[in-house]
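Excluded from the calculations below are hydrogen atoms, water molecules and symmetry mates; all remaining heavy atoms, backbone and side chain alike, are included. Order of the sequence lines sets the chain letters (A, B, ...), proteins ahead of strands, with each chain counted from 1.
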Amino acid sequence: MLEIQQLRTDLSNITQQLAKRGYTFPAEAFNALEAERKIIQTQTQELQAQRNTTSKKIGQAKSKGEDTSAIMTEVAHLGDALKQAENQLEHIQHHLQKILLEVPNLPHISVPEGKDETSNMQIRQWGELRQFDFDIKDHVSIGEGLGLLDFETAAKLSGARFSLMKGGLARLHRALAQFMLDIHTLEHGYIETYVPYLVNRDSLRGTGQLPKFEQDLFAVTTGGAESSSAENTPEYHLIPTAEVPITNMVRDEIVPLQSLPLKYVSHTPCFRSEAGSYGRDTRGLIRQHQFDKVELVHIVHPDQSYEALEQLVGHAEKILQKLALPYRVMALCTGDMGFSAAKTYDIEVWLPAQNTYREISSCSNCEAFQARRMQARFRNENGKPTLLHTLNGSGLAVGRTLVAVLENYQNADGSITIPEVLRSYMNGLDQLGSSGAK
RNA sequence: GGAGAGAUGGCCGAGUGGUCGAAGGCGCUCCCCUGCUAAGGGAGUAUAGGCACAAAAAGCUUAUCGAGGGUUCGAAUCCCUCUCUCUCCGCCA
């Protein structure tokens, strides 16, 4: 959410900046509402002041035992006028709020301008692409070839865009998550958290998923309850990312200055409806309704958020480096960034079978955008409550990392070499496949 | 799911219709006193918004005692709904 004062005083500039991301701010509607708001609010407050002073007078008179009927008739008509003004004001404020909640964040000055991903800018590249001397397979063929990846059964159990892993593959998946958690907690100083996977609407509004992106979420109703009618809106949604529960820990809080920065990591499943992505990435583990992710969140002093963003990306990169998976870091352009982000780096891992880099992490500085929605503040140097800055990033998406490991570490016989750093999590196993791992 | 109790400022806690944004205490800040890191005295100490203004300060003003609604000229206080916490019972991985 943007600051409304900024919109009042600096509208044309803001409209211009939002246009860079392809968002058209409804300036005329906003101005009209603001003009109306100003009049009605002033009027309402005047009526309230009038009511307050006369009520006080009545109180004073009564305590002296004086007759109050004269004053009483004076305020008799106040009530209706006041109620009407209050209703009108509330209506306008609602409308304004609705507009505000749907406006995306302003891009940081350093963000490259552009319409879509073709304008994203490569920042750096890491690792050597492996040369294969055999015909490589994609992760689906590899996993199914091993008999450890089974989309058919997953479809029977649930439907499209679900997966089922077994044996060594399921374990490798777990190993990856454990490995990531250990690096982030032991080497990068994050606090491990276990969080709810079902959250309420306030939380989703706080991080920006609601009200605009409800169709991307899964909603949950209590068993046996009336199916969700308009009145009966679902109480919970499945988290699309751990960013939601983690970041919302500071919602409506004022944290002490000394506790900053807060750095949290959590491994959770994520649930996304993938509405509007029909036909995209239908094969394999890349785009699933349910996937695991290790999420990193920073809650920081506003002066430090861009420094924190660099650190955050570095922490995610570290995982790929330790796994020896080649990747590149991209700065997203204005048109490709998410709703809440002021600046985003994507990390893209090399997938040899697709002969391309694919997104495996997205690290964003949301500045005060989420904090303003959440009223997440800290007590600053002068003791004043001040909005925090929030950042989040994947460190990393576990399923996609598994895809990268399968494809980059495949052998000619269809087996997989287990990356060195994961072997201690695999009971010392160094290969999945021919040597007979079940 | 059943029965009961509760939710007040950074914290504790008083307040059952009128001058209450809220006693008192603790904590914190500043000042005074004090031959010394003690004791004492004094002052201050919520947040968000609106108006006006070039801007800041000051000013005027509104809202907020878990949330929302209601009664009333007037609500922390009365009524209704909801949320959360605690105790006991039931059920449950």
Base versus backbone protein contacts along nucleotides 67-73 of chain B [heavy-atom cut-off under 4.0 Å; B, S, -]: ----S-B
Give me the distances for all protein-to-nucleotides 49-51 of chain B N/O pairs that come in under 3.5 Å?
residue, atom, partner, partner atom, Å
B:G49, N2, A:Q45, OE1, 3.1
B:G49, N2, A:Q45, NE2, 2.8
B:G50, OP1, A:R8, NH1, 2.1
B:G50, OP1, A:R8, NH2, 3.2
B:G50, O4', A:Q41, NE2, 3.1
B:G50, O3', A:R37, NH2, 2.7
B:C51, OP1, A:R37, NH2, 3.2

Using nucleotides 83-86 of chain B, report all nitrogen or oxygen pairs with the protein that are shorter than 3.5 Å.
none

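Between the CE atom of A:M1 and the P atom of B:A48 there is a distance of 14 Å, rounded to whole Å. One can place CZ of A:R379 at 7 Å from P of B:G10, the figure rounded to the nearest angstrom. Atom-to-atom, CD of A:Q43 to P of B:U61 comes out at 18 Å; the value is rounded to the nearest Å. Rounded to whole angstrom, the span from the CD atom of A:Q48 across to the P atom of B:C60 amounts to 18 Å. Rounded to whole Å, the distance from CD1 on A:I254 to P on B:G9 is 12 Å.
Taking a cutoff of 4.0 Å between a charged side-chain nitrogen and a carboxylate oxygen, A:K83 and A:E86 do not qualify as a salt bridge. By the 4.0 Å N-to-carboxylate-O rule, A:R201 lies close enough to A:E214 to be salt-bridged with it. Using a 4.0 Å cut-off between a side-chain N of Lys or Arg and a carboxylate O of Asp or Glu, A:R272 and A:E274 do not qualify as a salt bridge. Between A:D281 and A:R161, no side-chain nitrogen of the basic residue sits less than 4.0 Å from a carboxylate oxygen of the acidic one, so the salt-bridge criterion is not met.
Ring planes of A:Y190 and A:H184: perpendicular class, angle over 60° (limits at 30 and 60°).
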Show me the dot-bracket string of RNA chain B, counting Watson-Crick or G-U pairs under 3.5 Å, with | for pairs to another strand and [ ] for crossing ones. ((((((((.[[[..)..(.....]]]((((((.......))))))((((((.......)))))).[[[[[..)....]]]]])))))))....
Distance-only donor-acceptor pairs under 3.5 Å for side chains of residues 364-380 of chain A, two or more places apart:
residue, atom, partner, partner atom, Å
A:S364, OG, A:T344, OG1, 2.8
A:N365, OD1, A:E367, N, 2.8
A:N365, ND2, A:S305, OG, 2.9
A:E367, OE2, A:Y306, OH, 2.4
A:Q370, OE1, A:T390, OG1, 2.7
A:Q370, NE2, A:T207, O, 3.0
A:Q370, NE2, A:E243, OE2, 2.8
A:R372, NH1, A:M1, O, 2.6
A:R373, NH1, A:R205, O, 2.7
A:R373, NH1, A:L210, O, 3.1
A:R373, NH2, A:L101, O, 2.4
A:Q375, NE2, A:R372, O, 3.3
A:R379, NH1, A:G383, O, 3.1
A:N380, OD1, A:N382, N, 2.8
A:N380, OD1, A:G383, N, 3.1
A:N380, OD1, A:K384, N, 2.9
A:N380, ND2, A:T386, OG1, 3.0

With a 3.5 Å cut-off and sequence neighbours excluded, list the donor-acceptor pairs that the side chains of residues 173-181 of chain A form with protein atoms.
none

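Taken from CD1 in A:I319 to NE2 in A:H188, the straight-line distance is 6.5 Å, to the nearest 0.5 Å.
For the OP1/OP2 pair of B:G74 and a distance below 4.0 Å, the side-chain nitrogens and oxygens of A:N52 include no atom meeting the criterion. For A:R377 and B:A48, the shortest distance from a side-chain N or O to OP1 or OP2 is below 4.0 Å.
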